[in-house]
Amino acid sequence: LVRPLRDAGDNYEIVAGERRWRAAQRAQLHDVPVVVRSIGDMDALQIGLVENLQRSDLTPIDEAKGYAALIRDHGHTQEALARLMGRSRPHIANTLRLLDLPAPVQEMLQQGQLSAGQGRALVGLPDPLAMAERAVAEKLTVRELERLSGEQKQAARRSPGKAPVPQAPKSADTRALEKRIEE
């Protein structure tokens, strides 16, 4: 997808498809089919950003920053963005939450030391950096990290001087149901 450059004669700017164009150049294909459209600057930026967000090699943080830019600069809601991107609204919301993590944890996500699932498990923890470092050092799975994060969040909710409230023992039916669900 190209648009004519203003006051530049027969010159065009690639709006979407730059990677395909580069691949064609490497394959010695110098004439490629294009779609020419008169597109404004804001629309061109949005189309380019949407195309880049659909790349498979994006880090979770790059994806989150792209979604945030589309929401901030183009006025999309999470719901509208989900439709535009072909994703679910919870996926958009959960990806955006990664931007709430401290910069060092975001860097771990950028470098691939942590997965998006691990990053989501860290959101809202009192000390996400310490837990992220532990996850990397101990090679914790997403499930293990979610369990530890849940325990840490529960402990943080209790005030320091209060003893935990004892819970009534579970009935046999409840234990059996939990076991079936677990299986």
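Annotation: Arg26, atom CZ; neighbour count of heavy atoms from other residues, nucleotides and ligands within 6.0 Å does not exceed 12.
By the 4.5 Å heavy-atom criterion applied to side chains, Val34 and Tyr12 are not counted as neighbours. You'll find the side chain of Val136 reaches within 4.5 Å of the side chain of Met108, heavy atoms only. Here the side chains of His91 and Glu63 are in contact, with some heavy-atom distance below 4.5 Å.
Among Thr95, Leu99, Leu98, the single residue meeting the side-chain contact (heavy atoms from CB on, under 4.5 Å) criterion with Tyr67 is Thr95.
No continuous path of hydrophobic side-chain contacts links Leu70 to Ile47 [ILVMFWY only; heavy atoms under 4.5 Å]. Under the 4.5 Å side-chain heavy-atom criterion for Ile, Leu, Val, Met, Phe, Trp and Tyr, Trp21 and Val2 are members of the same hydrophobic cluster. Connection of Met85 to Leu1 is not established within any shared hydrophobic cluster, with ILVMFWY side chains joined at heavy-atom distances below 4.5 Å, either directly or through further cluster members. Hydrophobic clustering (ILVMFWY, side-chain heavy atoms < 4.5 Å, transitive): Ile14 and Val32 are in one cluster. Transitive grouping of hydrophobic side chains (ILVMFWY, heavy atoms separated by less than 4.5 Å) brings Leu129 and Leu145 into a common cluster.
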Take Leu148 and Arg134 through the test side chain to side chain contact (heavy atoms under 4.5 Å, CB included) and record every step on the way to the result. CA-CA 10 Å; Leu148 289 171; Arg134 180 176 174 188; 3.8 Å; yes
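Of the possible polar contacts, none joining the Glu13 side chain to the Arg3 backbone as a donor-acceptor pair under 3.5 Å is found. Side chain of Arg87 to main chain of Ile92: no donor-acceptor pair is present (N/O by atom type, distance under 3.5 Å, no hydrogens or angles). In terms of modelled atom types and a separation under 3.5 Å, the side chain of Gln118 and the main chain of Ser115 share a donor-acceptor contact. Panel note: side chain Gln110, backbone Thr59; no donor-acceptor pair is recorded below 3.5 Å.
Within the model, atoms CD of Glu144 and NZ of Lys139 stand 12.5 Å from one another, a figure rounded to the nearest 0.5 Å. Annotation: the span from Leu125 atom CG to Gln152 atom CD amounts to 5.0 Å, rounded to 0.5 Å. Here the CD1 atom belonging to Ile71 is positioned 4.5 Å from the CG atom belonging to Leu96, to the nearest 0.5 angstrom. Between the CD atom in Gln106 and the CG atom in Asp100 there is a gap of 8.5 Å [rounded to 0.5 Å]. Atoms CG and CG, from Leu114 and Leu101 in turn, are 9.0 Å apart once rounded to the nearest 0.5 Å. Expressed to the nearest 0.5 Å, how far CZ of Arg147 lies from OG1 of Thr141 amounts to 8.5 Å.
The shortest heavy-atom contact between Pro4 and Val36 is CD-CG1, 4.1 Å. Closest approach of Ala82 and Ser88 over heavy atoms only: CB-C, 3.7 Å. Heavy-atom minimum distance, Val105 versus Ala132: CG2-CB, 4.0 Å.
Side-chain contact, Gln111 with Glu107: a donor N or O sits under 3.5 Å from an acceptor N or O.
Ionic pairing of Arg143 and Glu146 is present here: one or more N-O contacts between side-chain nitrogen and carboxylate oxygen are shorter than 4.0 angstrom.
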